[in-house]
2 protein chains.
Amino acid sequence: MVVKPITVHNLHKQVVHELGRLIVAGELKPGENLPREELLAEQMSVSRTALREAIKVLSAKGLIESRQKTGTRVRDPIYWNQLDADVLGWRCASMPTESFVEKLVEMREIIEPAAAAAAARRRTTAQLASLKEAYEAMAAATDLDAWAVADLSFHERLLRAANNELMSSLFSVIETALGTYFRLSARNASNFNVALPQHLKVYEAVQRKQPEVARQAMIKMVGDSRNNIRRRARKPTRS
Amino acid sequence: MVVKPITVHNLHKQVVHELGRLIVAGELKPGENLPREELLAEQMSVSRTALREAIKVLSAKGLIESRQKTGTRVRDPIYWNQLDADVLGWRCASMPTESFVEKLVEMREIIEPAAAAAAARRRTTAQLASLKEAYEAMAAATDLDAWAVADLSFHERLLRAANNELMSSLFSVIETALGTYFRLSARNASNFNVALPQHLKVYEAVQRKQPEVARQAMIKMVGDSRNNIRRRARKPTRS
DNA sequence: CCAAGTGAAATTATAATACAAAATAGTTGC
DNA sequence: GCAACTATTTTGTATTATAATTTCACTTGG
C-alpha cells in the first residue's frame, strides 16, 4: 500500500475543515463573530493569507459572511449549502443525531427510486455494464469494507445512468446516508443475503428498461434500510 | 428605491464569476490549463492575492484543481457541484439548451411533489401562514414581476415547510427552473388563470394535512409547466 | 433636545514581494 | 538503459503595507 506523505501544504484546506467543523457542530453559533483575521490567523498558527482563502471557501458554502468593520460572522443555517459534500461530512463528523439520519433517509426515498426509474429509461449499454460490474463486486465481496465500497459504487453508477448531472450531484447525499448506515447498522452477513437480491432486482429492471419495476425495487430497498437503521439509531444527544 | 452604490470591492467575487462563466460555458474546456497565476492576475488586472481567493472558491465548487508545477486545470464536469447556485446560474447565463431545461423540469418533478407531501405532513402553523401569505401575493399580483416574485416565494416556503433542510437546499434548482420558465414562457395573463388555482389546491392540501392530495396537485402543476415550456423551447445551439 | 452631518476607528479587501515546497523535466554518471 | 541527482516551473505560504467600507461617537446647527 502506498501511503500519502504528510504534507504541510494545502494549509487553507485544513483551516476550512477546522472552522467548518466548528460551525456545523455549533461551537460557533449563528450570528456569532469569528475573531478578526489577524487574531484568528495567529491563534491557528497560519498566515492571514491562508486564513482568508479558507474564509472565502466557507463563504462560498454559505456558512459565514464577511463585512468590513463588522467582521466575519456565522450565518443562519438556512443559508448553508446543506448538500455540499463537506458540509454533510461535518454534520456526520460527530455522531449524527437521529433526526438528521431520518432526513438523509427521506432524501434517499425521494432521489433513488426516481433515479432508478430514469436509469431504466435512459441508461446506455456502457452504463448498464458498469452497473453490472458494481453488482458483481458486491456479490464477490468477502469482507465488510469491500461490500461497502461496491455498494456505494452501485448507487453512484445508478445515479450516473440516469443521465441527469443534477441528479448525479445528489450522490453526496446518498454517500453520506450510506456512510451513516454502515456506521449504525449491525455488522453481520445476514444483511447481505437480503440486500444482494434487492440490488439484483434493480439491476435487472434497469437492464430490461422497466422504469416502474426499477422504482418499486428501489423503494423496497431503501425502505428496508430505513427499518434497519430505525431499530438501531439512538436518541439525539441534545435538543 | 435604494440603489446599491457601485463598488470596486469584492474583486475576488467578480473573478469567480468571470472564470466560472467561462468554464461552464465551455470556453475553458475540461483538462485545459488556466494561465499561471501571475500571468492570469495580470491579464485580469487583479493581484495574485485576489485571483487566488477566486481559485480557491472555484476549486471548492469542483470546477478546477490546482497542483504545483502542473498548474490549475479545469476538471471534468462530473466533478462539478452542479447543484451550486452559482454553477446553475452560469449555465443559464447564456440561453440554456433544451436538454438542460428538460433536466431542470425532471428535477422539479422529483423534488416538488415530494416536498409538497412532506409539507402536508409536517408543516407548522406559522409555515402554513407564511405559505398563505405567498399565495395571496400571487393572487394580488398585477404585473409579471410581482407574480414571478410571489410564485418563487411560494415554492420556497413550501420547500421550507417540509422541514428538511436538505430538501430546502434544493431550492436553488427550483429557482433556476422557474427563472428559465419565466424567460421561455409566453407573457400573458391566461397562464395565471390556470396556475393560481393549482397553487391554491396545493395550499389547501397542505392546510388540511393531506400528503397525497398535495403530491398529486403538485405533480399536475409541474406537469403543466413542462408542457408550457416544451412547446416554446428551441433546439440547442450546438451539440 | 434632536437631526443631520462629520470624522475617527475598526475591520476586511487588495496589492506587492519574498521565499518555500512540490512536481516535472532534464541531465549526468554509471 | 537506468538510476540518481539537479534544475526549473508553478503553486503554496508568509509578511507587510495600504485602501476601502462601515460603524459609531461626536459635533454642530436649528
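Chain A is the first sequence line, chain B the second, and so forth, proteins listed ahead of strands; every chain is numbered from 1.
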### Query
Under 3.5 Å, is there a donor-acceptor pair between the B:Arg91 and B:Gln82 side chains?
yes

### Query
Which of these, B:His17, B:Glu53, B:Arg52, B:Lys56, sits in a side chain to side chain contact (heavy atoms under 4.5 Å, CB included) with B:His12?
B:Glu53

### Task
Let me know, please, whether A:Arg48 or A:Arg67 comes out on the 5' side of the other along DNA chain D by nearest nucleotide.
A:Arg48

### Query
Nearest-Å distance, NZ (A:Lys13) to C1' (D:dG12)?
12 Å

### Query
With a cut-off of 6.0 Å (strictly less than), are more than 12 heavy atoms of other residues, nucleotides or ligands near CD of B:Glu32?
yes

### Task
Using only side-chain N and O atoms of B:Lys56, determine if any of them is under 4.0 Å from OP1 or OP2 of D:dG12.
yes

### Task
Ignoring backbone atoms, test whether A:Arg52 places a side-chain nitrogen or oxygen under 4.0 Å from the OP1 or OP2 oxygen of C:dA13.
yes

### Query
The side chain of A:Gln68 lies closest to which of these nucleotides: D:dA20, D:dT13, C:dT24?
D:dA20

## Note on the structure
Considering only heavy side-chain atoms of A:Leu11, the closest of D:dA14, C:dA13, D:dT10 is D:dA14

#### Entry: Flag, side chain of B:Asp84 to backbone of B:Lys61, donor-acceptor distance under 3.5 Å
no

### Message
Rounding to an integer number of Å, can you tell me how far A:Arg73 CZ sits from C:dT11 P?
### Response
12 Å

### Query
Atom CD1 of B:Ile55 and atom P of D:dT10: how far apart are they, to the nearest Å?
13 Å

### Query
Can you find a donor-acceptor pair, distance only, under 3.5 Å between A:Thr49 side chain and D:dT15 base?
yes

#### Entry: For B:Glu18, all residues meeting side-chain contact (heavy atoms from CB on, under 4.5 Å), sequence neighbours excluded
B:Arg21, B:Met44

### Message
Rounded to whole Å, how long is the line connecting atom CG of B:Asn33 with atom C1' of D:dT9?
### Response
12 Å

### Query
When the distance from CZ of A:Arg36 to P of D:dT23 is rounded to whole Å, what number comes out?
18 Å

## Note on the structure
Of B:Val46 and B:Lys69, the one whose closest nucleotide on DNA chain C sits nearer the 5' end is B:Val46

#### Entry: Distance in angstrom units between A:Glu37 CD and D:dT13 C1', rounded
16 Å

### Query
Rounded to the nearest Å, what distance is computed from the CG atom of residue B:Asn10 to the P atom of nucleotide D:dA19?
19 Å

### Task
Between C:dT12, C:dT14, D:dT13, spot the one nearest the side chain of B:Glu53, thanks.
C:dT14

### Summary
Taken to the nearest whole Å, CD1/B:Ile64 to P/D:dT10 is 16 Å

### Message
Which is more 5' along DNA chain D, the nucleotide nearest B:Glu38 or the one nearest A:Ser47? Just name the residue.
### Response
B:Glu38

